[in-house]
Every structure is written in C-alpha cells, then in structure tokens.
Amino acid sequence: AGAITNGANLSDRGGAIALWAQSTLNIYGGTISNSYVSNDGGGISAYESSTINMYGGTITNNTGTYAGGIMICDSSTLNMYGGIISDNHTESYGGGLYIYNYSNFNMYGGIISGNHCPSPGGGIRCFNNSTFTMYGGEITNNTGSNGGGLDIVHYCTVKLIGGKIYNNTADRGGGVTYGREEKFPNVGQIIIGENFHIYDNVNSKSGAIENFYLRKGELIYIDSKLSS
C-alpha cells in the first residue's frame, strides 16, 4: 500500500490532500501521516460539496489548527466504511475530525482512536448545521476539553444508531457533549438507537464515568431500551 507522509501546507488547507469543487476521494488502503497545515485539516480537507469514501487505510499523526485528521466543510460528505483515524492533533477543535458548515459524516465502520485537542471534540467536532450518523465502528481513547469522543453544537443533527463510544476522556463530557455554548445557540437534535453502545467514558477532573453531558436545556431522544 502507498503512503503520503510529511506533507505541509503552511498557508491554506489540507496538509496532505485538499479537495475542492465537488471532487471525490476514495481511500482503500495506505497511510496519510505526519502532515501539517496552518489552517484546516492536518491530513485531508474537503470543501465545496466534495466527498470522501474511506474503505480502509490509516490517517495518523497529522496536525492542523482545526481538525487534526480530516476537515469536512461547506456541504461536503465523509462516508467511513473502514480504516483508522488515529493519533491526530489540533491546536483548537476536532482532534480527529471536524464536521463543519452543512456537512455530513456517515460512519458505517472503522475506528477513530487516540486523537487529541485542547478544545471541544477530541475525536469529532460536529458544528453549524451539520449531520453525523453512526451506524457502526468505534470511537475510543480520544481526549479533549469537552466531548472527548464527540462534541455537538449549533444546529447539528446526530443519530447514534449503532457502533460504540468508549474509553474517551474530557474535562466535561468524557463521551459526548451536546448543546449550546455561550456564543452559539443550539436547535439541533440527538437520537439514540437500540444498537448503539456508550460506556466507560471519563470526566478527567472528577475521575467519574460521564458518558453524556447535556448543556442546560437540551434533550436526547432515545429510541431504544436502556441497560447498564
């Protein structure tokens, strides 16, 4: 399998790869690693209704100001069927991925693990009228300030139909943080299905298990049985 490594874009977007104008990228294997960008998407950035289909491969150890691994922006879509997004870092939001501005992430499989950011969204940050639907796969061992696994804010819709979110850590919402921030309102929704599992996520300040953190006034819609 091939590799793209040590990419650097110091002035724009996509440390290794940038997609524009309804472009499509299919990833079947290989590695994208050790790349850096001063703006969005240490590994890959997708803009202007572009699409990434990830069937395999590894995106690892990349760094960006926003989105260490992948930035999905401006009505773009990521479909993840397999592969690994791991050990990426950002200086702000979305250690692994940042789903931003009317964009979509459909996760059918694969692993998002070991990513880190000092702000919300250690694994994934979903922001501004975007959608995340999780049918399968795992989000694990990610760290951030809020939402170690997943942070959701500002008119987003999230459907957790299947898959697992576990062993993530944050100062608030070790697993998932949902709702408004002081600067941004929230009129989105989060729906949980019967094949989704969330467990063993930790509040780093208290050491307590904290799988979900709902900011004031928010609701979760549960379409399944609850069990310990």
Side-chain angles (χ1 to χ4, degrees), residues 54 59 66-73 77-80 84-90 92-101 103-181 184 186 188-193 195-204 209-215 218-222:
M54 186 172 182
I59 298 172
Y66 298 95
I70 302 177
M71 180 74 169
I72 306 296
C73 190
T77 298
L78 169 63
N79 299 309
M80 186 176 184
I84 299 171
I85 300 171
S86 67
D87 300 308
N88 300 285
H89 310 274
T90 179
S92 56
Y93 303 111
L97 302 98
Y98 198 160
I99 314 304
Y100 179 70
N101 200 27
S103 294
N104 307 288
F105 176 26
N106 301 307
M107 187 175 183
Y108 301 94
I111 298 172
I112 298 171
S113 176
N115 303 285
H116 171 74
C117 70
S119 299
I124 303 168
R125 164 87 158 174
C126 188
F127 183 77
N128 192 29
N129 294 277
S130 294
T131 299
F132 171 47
T133 305
M134 187 177 187
Y135 299 98
E138 300 180 10
I139 301 171
T140 183
N141 292 316
N142 303 284
T143 58
S145 66
N146 297 338
L150 169 64
D151 182 73
I152 310 155
V153 70
H154 200 44
Y155 301 100
C156 288
T157 297
V158 171
K159 298 179 181 180
L160 303 173
I161 307 302
K164 300 177 182 179
I165 298 178
Y166 65 98
N167 289 349
N168 301 282
T169 304
D171 297 342
R172 184 166 60 181
V176 177
T177 300
Y178 171 67
R180 73 191 72 213
E181 293 178 347
F184 304 108
N186 194 70
Q189 62 177 346
I190 180 169
I191 300 170
I192 299 175
N195 294 317
F196 171 72
H197 302 277
I198 184 168
Y199 56 91
D200 292 344
N201 299 283
V202 176
N203 181 306
S204 58
I209 298 297
E210 190 175 70
N211 292 312
F212 278 100
Y213 181 92
L214 273 67
R215 297 181 176 100
E218 303 299 344
L219 298 173
I220 291 179
Y221 298 88
I222 300 175

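Predicted model only: the values in this text are computed from it and were never measured.
Asn146 places no side-chain N or O within donor-acceptor distance of the main-chain N or O of Thr177, the cut-off being under 3.5 Å. Not one N or O on the side chain of Glu138 forms a donor-acceptor pair closer than 3.5 Å with the backbone of Lys164. Judged by distance alone, the side chain of Ser119 and the main-chain N or O of Tyr93 form no donor-acceptor pair under 3.5 Å. For the pair Tyr166 (side chain) and Asn141 (backbone), a donor-acceptor distance under 3.5 Å is absent. Within the 3.5 Å criterion, the main-chain N or O of Asp87 finds a donor-acceptor partner in the side chain of His89.
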Inset, instruction - Would you sort out whether Ile165 and Val176 count as a side-chain contact (heavy atoms from CB on, under 4.5 Å), showing the intermediate values? - result: CA-CA 8 Å; Ile165 298 178; Val176 177; 4.0 Å; yes
Inset, instruction - Could you check Met54 against Ile85 for side-chain contact (heavy atoms from CB on, under 4.5 Å), going step by step and ending with a plain yes or no? - result: CA-CA 10 Å; Met54 186 172 182; Ile85 300 171; 4.2 Å; yes
Inset, instruction - Determine, step by step, whether Arg125 and Val153 satisfy the side-chain contact (heavy atoms from CB on, under 4.5 Å) criterion, reporting the C-alpha distance in whole Å, the side-chain angles of both residues, the deciding distance to 0.1 Å, and the verdict. - result: CA-CA 8 Å; Arg125 164 87 158 174; Val153 70; 3.6 Å; yes
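Surrounding CZ of Phe132 are more than 12 heavy atoms belonging to other residues, nucleotides or ligands, all under 6.0 Å away.
The ring pair (Phe, Tyr, Trp, His ring centres under 6.0 Å) test applied to Tyr100 returns Tyr98, Phe127, not counting sequence neighbours. Residues that satisfy the side-chain hydrogen bond (donor to acceptor under 3.5 Å, both in side chains) test with Asn211, not counting sequence neighbours, are Asn201. Legend: residues meeting ring pair (Phe, Tyr, Trp, His ring centres under 6.0 Å) with Tyr108, ordered by chain and number and at least two apart, are Tyr81, Tyr135. Every residue meeting the side chain to side chain contact (heavy atoms under 4.5 Å, CB included) condition with Asp171, not counting sequence neighbours, appears here in chain and number order: Ser145, Ser204, Lys205. With sequence neighbours excluded, the residues satisfying side-chain hydrogen bond (donor to acceptor under 3.5 Å, both in side chains) with Asn101 are Asp74, Asn128. Listed by chain and number, the residues in a ring pair (Phe, Tyr, Trp, His ring centres under 6.0 Å) with Phe196 amount to none (sequence neighbours excluded).
When the options Thr133, Asn106, Ile192, Thr131 are evaluated for a side-chain contact (heavy atoms from CB on, under 4.5 Å) with Lys159, the one that passes is Thr133.
Taking every heavy atom of both residues into account, Gly94 and Cys117 meet most closely at N-SG, 3.9 Å.
Using a 4.5 Å cut-off on side-chain heavy atoms (C-beta onward), Met107 and Ile112 make contact. No side-chain heavy atom of Met71 sits under 4.5 Å from any side-chain heavy atom of Leu97. Val158 places a side-chain heavy atom less than 4.5 Å from the side chain of Leu150. Annotation: side chain of Ile99 is not in contact with side chain of Asn104 (no heavy-atom distance under 4.5 Å).
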